[in-house]
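Written out below as structure tokens is the structure these notes cover.
Just so it is clear: chains get the letters A, B, ... in the order the sequence lines come, proteins before strands, and each one is counted from 1.
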Protein chains: 2
Amino acid sequence: MAVNGGKLDEAARAAWLYYVAGNTQDQIAAKLGVSRQSAQRLVSLAVSEGLVKVHIDYPIAHCLDLSKALRETYSLSFCEVVPTDPGSTSTTLGVAQATAAEIENWLGRPEPLIMGIGTGRTLRAAVEHLSTMECPQHRIVSLTGNIAPDGSAAYYNVIFTMADKVKARFFPMPLPVIASSEKERETLHAQPMIRPTLELAAKADVTFIGIGELDDEAPLYVDGFITREELQALRRAGAVTEIIGWTFDPQGRLVEGITNERVASAPIPSRETSLVIASAMGKKKLPGIRIALEGKLINGLVTDEATAEALLTPSLR
Amino acid sequence: MAVNGGKLDEAARAAWLYYVAGNTQDQIAAKLGVSRQSAQRLVSLAVSEGLVKVHIDYPIAHCLDLSKALRETYSLSFCEVVPTDPGSTSTTLGVAQATAAEIENWLGRPEPLIMGIGTGRTLRAAVEHLSTMECPQHRIVSLTGNIAPDGSAAYYNVIFTMADKVKARFFPMPLPVIASSEKERETLHAQPMIRPTLELAAKADVTFIGIGELDDEAPLYVDGFITREELQALRRAGAVTEIIGWTFDPQGRLVEGITNERVASAPIPSRETSLVIASAMGKKKLPGIRIALEGKLINGLVTDEATAEALLTPSLR
DNA sequence: CCATAGCATTAGCATTTGCTCAATCGCTCA
DNA sequence: TGAGCGATTGAGCAAATGCTAATGCTATGG
């Protein structure tokens, strides 16, 4: 720890000299008394450890236009559109950083608030971009269970990662994502540990969620929360997208009779009382985002240019 | 404007692809349909226009230690210590960025506040690092006059530059820094345009100031607010440092009888009601910073490692 | 005390970046 | 219409950076 900390300390210093003071790596090497290669390693360590935060502080007109159009079309209270990298296959690039910035923005406020946190790859990537902050005045509540099918803490439940970065009061949900029966869900939800957390989730001032697909790589299936048979049954019943465990049909209605009766997650907080921000981009998520928007499940969105344009093009379904 | 804006737009996009998406300049060139050199130019334009904000998000132990020691030694409410670049001759490097971040931090708060702004090279450099922000709830008041001796707006009065970046309610002070006589100052201060501004300054919640030397490059003299003779008289009378026009002796007392009776600035806001943050670094400013600290003129400080260490070494006077 | 595994460091090279200078483009004004 | 001039572009090269493979070093266990 001390050694590792000292290393990161040096890395941070090297990165500072490089990025802020504008030294070359040769100069840094001389100043820190190490070889040029070591200086390079320190800088690259700082980058890979996420110590170096870069952001482009300029409102790109096209992104602003798209954001405004989306806000108006879907009556959103919040919408952020980041540039698209035409060559990238990443499904989080840019959106993760922007979501992290928005989370930081909320957590930076002095007045106490309740933040709901969903799950998924995108949200996880966002949380990894968070700075360390101290904000004991806020309460952060997980909307989904965090027990993986094998009994371990679910990897894509991001609240534990978030707790490493942010000092606030955390309320994880010690539940599976999907209970084995409707009755089990009732029992679990009635537990004294769970009920206050559910009540807190309902009172969230701001909520960040991801949007899941229900194709063959559906996160619910890949992470083992549902079986292949259940996935197929959901699709046959018309389910197209998933948000914090709940599955929806193209009209934004909960699909009944398969898994939704057993989902142990909190309901998505009400748009009336909470700002519900979805973070998602990419072609595969398009139907899901559209459902969330048209079904009025969300009132905030972080996405990229390409997805924003597709959302504004009349649906071809 | 439209052309320039379009250019910056492209530059921002190129910089985004470079720094956030991690493309090489060749890839960017291909994606934007320009030559490699043009892509390079766009990225470098974005950097030079200050569109690219880099910050190192890691608390370097040595800086934290110094900051803590300074807070305790001088009972400061706020202290930030940035790394020192041993080779640099800059007197603002790092401190400017850190001060900008702190200003942004205050301006980002939703509850309305009054911010006092002093003058000087360091503060100017800080303001140039500010992001554009919208915060109409805040009021920002200049503590010094902004009329240069030639009648133009004084360059190092930073409030106008700040107004370009930040949308808030600004209260500049249409006065010279130093009036021609005590009587003139009284007259000016009694003006209906001035009095409310002075009252606002006295109520500042947070105040950012620089610290000026009184050597041969004294800003007051270089900028033409005082004559060489006045500078020499001030020095003979024991004046060592200057803050928003006021000159102080080593005991932190106002030097009487030379210029202080004619200084048209607002008084430094009270430490009882305002957080008064000085930003300064470098050997030349050391005596000034020490006076400000020991004379309890300030209760916040942004400086660099080398200066912090010197401040913690018992004075050799 | 020695052997060895694992990690850090170095050297050398390929890639990427930034700079300079000459050429070209486009605009203004006679 | 064309000359003049500033701005923009591209080519080539030098500097800076990042990667890989080989070497050296340290700690641990026999």
#### Entry: B:E134: side chain to side chain contact (heavy atoms under 4.5 Å, CB included) partners, not counting sequence neighbours
B:K167
### Task
Mind checking side chain to side chain contact (heavy atoms under 4.5 Å, CB included) for A:T122 and listing every partner two or more places apart, or none if nothing turns up?
A:T92, A:V95, A:S279, A:K285
At a cut-off of 3.5 Å, list every protein nitrogen or oxygen paired with a nitrogen or oxygen from nucleotides 11-15 of chain C, distance to 0.1 Å.
{"residue": "C:dA11", "atom": "N7", "partner": "A:Q37", "partner atom": "NE2", "Å": "2.9"}

### Message
Can you tell me if A:S35 touches the phosphate of C:dT9, counting only side-chain N or O atoms and a distance under 4.0 Å to OP1 or OP2?
### Response
no
### Task
List in chain and number order the residues that pass side-chain hydrogen bond (donor to acceptor under 3.5 Å, both in side chains) with B:T132, two or more places apart in sequence or in another chain; answer none if no residue qualifies.
none
#### Entry: Residues which pass side-chain hydrogen bond (donor to acceptor under 3.5 Å, both in side chains) with B:D215, listed by chain and number, not counting sequence neighbours
B:K284
### Message
For A:T161, give me all partners under side-chain hydrogen bond (donor to acceptor under 3.5 Å, both in side chains), at least two apart in sequence or on another chain.
### Response
A:R124
### Query
How would you list, by chain and number, every residue that makes a side chain to side chain contact (heavy atoms under 4.5 Å, CB included) with A:L311, sequence neighbours excluded?
A:L70, A:L286, A:I289, A:R290, A:L293, A:L301, A:T307
### Query
Can you check side-chain hydrogen bond (donor to acceptor under 3.5 Å, both in side chains) on B:S131 and A:D57, steps first, answer last?
CA-CA 7 Å; B:S131 306; A:D57 183 26; 3.0 Å; yes
### Query
So does A:Y18 get a side-chain nitrogen or oxygen closer than 4.0 Å to the phosphate oxygens (OP1/OP2) of D:dA16?
no
### Message
At less than 4.0 Å, is any side-chain N or O atom of B:S38 found next to OP1 or OP2 of D:dG10? Yes or no.
### Response
yes
### Query
Taking DNA chain D as the partner, which of residues 19-33 of chain A come within under 4.0 angstrom of it by heavy atom?
A:T24, A:Q25
### Message
Contact list please: residues 47-57 of chain B against DNA chain D, heavy atoms, distance less than 4.0 Å, in numerical order.
### Response
none
For residues 33-42 of chain A, run the donor-acceptor check on the side chains, cut-off 3.5 Å, and write out each pair with its distance to 0.1 Å, sequence neighbours left out.
{"residue": "A:S35", "atom": "OG", "partner": "A:S38", "partner atom": "N", "Å": "3.2"}
{"residue": "A:S35", "atom": "OG", "partner": "A:S38", "partner atom": "OG", "Å": "3.0"}

### Query
What residues, two or more places apart in sequence or in another chain, satisfy side chain to side chain contact (heavy atoms under 4.5 Å, CB included) together with A:F160?
A:N146, A:A153, A:P172
#### Entry: Interatomic distance where CD belongs to B:Q40 and P belongs to C:dC19 [whole Å]
7 Å
### With sequence neighbours excluded, residues passing side-chain hydrogen bond (donor to acceptor under 3.5 Å, both in side chains) with B:K165
none
